[in-house]
Amino acid sequence: MSAILLIEQVLNGLQFGVMLFLMAAGLTLIFGVMGLINLAHGSLYMVGAFAAAAAAAATGSFALALVAALSAAALAGVLIEVAVIRRLYDAPHLDQVLATFALILVFSEGTRWVFGSFPLYLDIPDALSGPVTLPGGIQYPLYRLALIGVGLVVAAGLWWLTQRTRLGMQIRAGKDDREMIAALGVDISKLYTLVFALGAALAGLAGALVGAIQSVQVGMGEPVLILAFVTIVIGGIGSIKGAFIGALLVGLTDTLGGIFLPLILTVAMAPEAAAQTGAALASMLIYILMGAVLVWKPTGLFGGARPA
Amino acid sequence: MIPERLVTIGAVAGLLAVALGAWALGEIFTITLATRAAILALAATGLNIALGYGGLVSLGHAAFFGLGGYAMGILAFHAQSYTPLELGSLTIEGTKSMPVIWLVAVCVSALAAWVIGLLSLRTGGVYFIMITLAFGQMFYYFAISWSAYGGEDGLPIYLRNSFPGVDTLVPVQFFGLCFAALVLALLLSARLRSAPLGLALNAARQSPARVAAVGISPTRVKLVAFVISGAITGLAGALYADLNRFVSPAMFSWQLSGELIVLVILGGVGRLAGPVIGACLFVTLEHWLGGLTDFWHVWLGAILLGVVLFARGGIVGLLTGKAGPHV
């Protein structure tokens, strides 16, 4: 097993992890501030990917596709926040699960209605296509490297937004005591819509960016949504730092486990059996990681003292 | 307003009447739909014990449904291919006998529910929802990547399994088996609701601190309920696999977990008849709307939003005039 393979897979894991972070950050922000579990977050990811694919097909520009993804997802976010989500903030979790599950059905089938069942394709822009040579002579796709960069920039931007701006101060205050900041004259309902739109835009961005390396299709959001849930359970619900660490852990575990677990098992087993057992075990690895974190710290690595 | 007991008896009798009516008229397809409704109602009755009585929002009950299905699939697969199942030094013969398969399905899903419950009950609320969802997904991916039993393609079983004294190949007789299982589960569920365990569970949902103060561990009560709940849903999975004579990873899919919750909510959370009415309504909608448009899930979603936002308490709530369960 060569060092080059290892570095490539670590980079793949990082790329997967930062994209997961874009999803998980929105989820954890929405849960932290509004106390809402949003199953429809994966639908916003899908909306972003479809908007990007449609815009790229119409204009041929990847930059415009990203703009379309961000605005379509944010718009869809505002729309469902005002029409549905707003009524659920004080509702029990069960109602939130149901209503957002209903939204998934509406979004998925609605998209199938408009775009059909066949996957769409979104091309990597010319400027970012092709491999790049890293120090040490490793060839790595430039686009994937760019994704890691985008993810890190967004993470830094979110940190700056929540820790260093007035809006971030209101968001953090909203987490701790919503009555108090309403009493201090902050329009809480507008703040909630804004936070929801921000989370939606991040999901849409992730959908568009990942859509260029996978196909854009109905139902693409839910597997990512569930991984994002695993991520924020590991990181601690409500914590953006937790979401970041959790996303990297999940991304690396999933990628490295899928490659190396079958290899490691060949030491103890026949190659064919090792490949099969390895693949089956690797698919369970992140859930085992989640279970282990829960045994150790039930509220996640950076979660509060009490489960929410 | 109608008393709940009447609603329950009416719902169960209605399902039986539809199947018997269809049998008298020779409408085989309607009998199959009624069987499907009975099995989904059984699965949802299981979920209702955790969700309705215990307030445990499990978004991973497909795990138990799928385990029941695969218990049937794997045993019947080894029986039809005449190969024993090798588990290390242990050799198990496959079987086509329903009682044995059911027993295995119930035990396996109860065991899985115990492990999942033990881990996810360490936390509560929204963590519980996400963790059960994640464990359900774990089984889904495991089933996909486990190629020995069909992997992504699933596992067809050529002949329906047998039950002593019943010709399971006759649709109405198979319906009878599923219906009997449903009635037994409903009786168990009704008994449980008024038993000490059910009362403690109901109290643990509303006020865990007070339950703990009188010396009962709320977590243990919830865990026992979760295990019973998973076992019943697992039995439903074995029956469902026999209805379709096919098991696939789709039985583990999170959409199925979501749909099971939908059944319970449509009917009425924590009501005995809730899962039965919900399942009948769901199968009817699926058949009727699915015949009208390929995109019937849009309308299901819209109906669901309407129920959550405006009709708390589901159909049983509307019929009995009480929004919440009055256990």
Side-chain angles (χ1 to χ4, degrees), chain A residues 27 31 35-37 39 83-84 87-88 91-110 112-113 117 219 222-223 225-230 232-233 237 276-288 290-291 294-295 297-300 303 306-308, chain B residues 51-52 55-57 59 115-116 118-131 133-148 151 253-255 257-259 261-262 264-266 269 293-310 312:
Chain A
L27 271 178
F31 183 81
L36 177 98
I37 169 164
L39 295 184
V84 179
R87 299 162 206 271
L88 298 171
H93 290 316
L94 179 59
D95 286 7
Q96 300 177 350
V97 165
L98 254 133
T100 51
F101 181 73
L103 283 175
I104 295 184
L105 295 180
V106 173
F107 267 105
S108 294
E109 292 302 301
R112 205 194 300 277
W113 210 338
S117 299
E222 279 67 47
L225 172 82
I226 293 165
L227 288 182
F229 277 156
V230 174
I232 63 177
V233 167
I237 302 179
Q276 204 184 90
T277 320
L281 273 182
S283 69
M284 303 172 73
L285 213 53
I286 53 169
Y287 305 101
I288 296 171
M290 181 184 81
L294 282 173
V295 170
K297 277 194 152 185
T299 53
R306 251 174 343 119
Chain B
L51 181 70
L56 301 167
V57 185
L59 202 42
V115 175
I116 293 178
L118 210 56
L119 281 170
S120 37
L121 281 169
R122 288 178 68 85
T123 64
V126 70
Y127 275 91
F128 187 85
I129 301 173
M130 294 183 192
I131 294 163
L133 175 62
F135 279 124
Q137 200 69 0
M138 176 179 90
F139 282 104
Y140 175 73
Y141 283 118
F142 183 77
I144 279 189
S145 53
W146 201 19
S147 51
S253 74
W254 74 275
Q255 282 93 338
S257 302
E259 279 171 10
I261 294 191
V262 169
V264 176
I265 306 293
L266 275 182
V269 192
T293 160
D294 283 346
F295 306 105
W296 76 279
H297 274 109
V298 173
W299 304 113
L300 177 67
I303 293 171
L304 206 52
L305 273 180
V307 170
V308 177
L309 296 178
F310 306 111
R312 305 280 301 279

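Here is how names work: the chains are called A, B, and so on, in the same order as the sequence lines, proteins then strands, and each is numbered from 1. Quantities reported herein were computed from a predicted structural model and do not represent experimental measurements.
Between the CD1 atom of Ile129(B) and the CD atom of Gln96(A) there is a distance of 7.5 Å, given to the nearest 0.5 Å. For the atom pair CG (Leu133(B)) and CG (Leu225(A)), the distance works out to 7.0 Å, reported to the nearest 0.5 Å. Here the straight-line distance linking atom CZ of Arg87(A) with atom CG of Leu305(B) works out to 10.0 Å at 0.5 Å rounding. Residue Ile288(A) holds its CD1 atom at 9.0 Å from CZ of Phe135(B), rounded to the nearest 0.5 Å. Distance check: Leu105(A) CG to Ile303(B) CD1 gives 11.0 Å after rounding to the nearest 0.5 Å. Here Met138(B) contributes atom CE and Met290(A) contributes atom CE; the two are 8.0 Å apart, rounded to the nearest 0.5 Å.
Of all heavy-atom pairs spanning Ser145(B) and Ala280(A), the tightest one is OG-CA, 3.3 Å. Nearest heavy atoms, Val308(B) versus Asp95(A): CG1-O, 3.6 Å. In this structure, Val298(B) and Val106(A) approach most closely via the heavy-atom pair O-CG2, 3.8 Å.
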Practice problem: Go through the steps for Leu88(A) and Leu309(B) under the test side-chain contact (heavy atoms from CB on, under 4.5 Å), then give the verdict. | Solution: CA-CA 8 Å; Leu88(A) 298 171; Leu309(B) 296 178; 4.1 Å; yes
Exercise. Under the side-chain contact (heavy atoms from CB on, under 4.5 Å) rule, what do Met130(B) and Ile237(A) come out as? Steps first, then yes or no, please.
Key: CA-CA 10 Å; Met130(B) 294 183 192; Ile237(A) 302 179; 4.1 Å; yes
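Of the two parts of Ala134(B), the backbone and the side chain both hold a non-hydrogen atom closer than 4.5 Å to a non-hydrogen atom of chain A. Both the backbone and the side chain of Arg112(A) come within contact range of chain B, with heavy atoms under 4.5 Å apart. Contacts of Leu39(A) with chain B are made by side-chain atoms alone, with heavy-atom separations under 4.5 Å and no backbone atom involved. In this structure, chain A has heavy atoms under 4.5 Å from both the backbone and the side chain of Ile131(B). The contact between Met284(A) and chain B is made by backbone and side chain atoms together, counting heavy-atom distances below 4.5 Å. Of the two parts of Ile286(A), neither the backbone nor the side chain holds a non-hydrogen atom closer than 4.5 Å to a non-hydrogen atom of chain B. Using a 4.5 Å cut-off between heavy atoms, Ala148(B) contacts chain A through both its backbone and its side chain. With a threshold of 4.5 angstrom between heavy atoms, Ile144(B) does not approach chain A through any atom at all. Contact of Leu227(A) with chain B is not made at all, since no heavy-atom distance falls under 4.5 Å. Heavy atoms of Val230(A) lying under 4.5 Å from chain B belong exclusively to its side chain. In this structure, chain A has no heavy atom under 4.5 Å from any part of Ile116(B).
At a threshold of 4.5 Å between non-hydrogen side-chain atoms, the residues Phe101(A) and Ser257(B) do not count as touching. Using a 4.5 Å heavy-atom threshold, the side chains of Leu94(A) and Ile261(B) count as touching.
Heavy atoms from other residues, nucleotides or ligands lying under 6.0 Å from CH2 of Trp299(B) number 12 at most.
The aromatic rings of Phe295(B) and Trp113(A) sit parallel, their planes meeting at an angle under 30°, below the 60° perpendicular limit.
The closest donor-acceptor contact from the side chain of Tyr127(B) to the backbone of Thr299(A) lies under 3.5 Å. A donor-acceptor pair under 3.5 Å links the side-chain atoms of Arg122(B) to the main chain of Leu294(A), judged by distance alone.
With chain A as partner, the option from Ile265(B), Leu51(B), Leu119(B) having the largest number of non-hydrogen pairs under 4.5 angstrom is Ile265(B).
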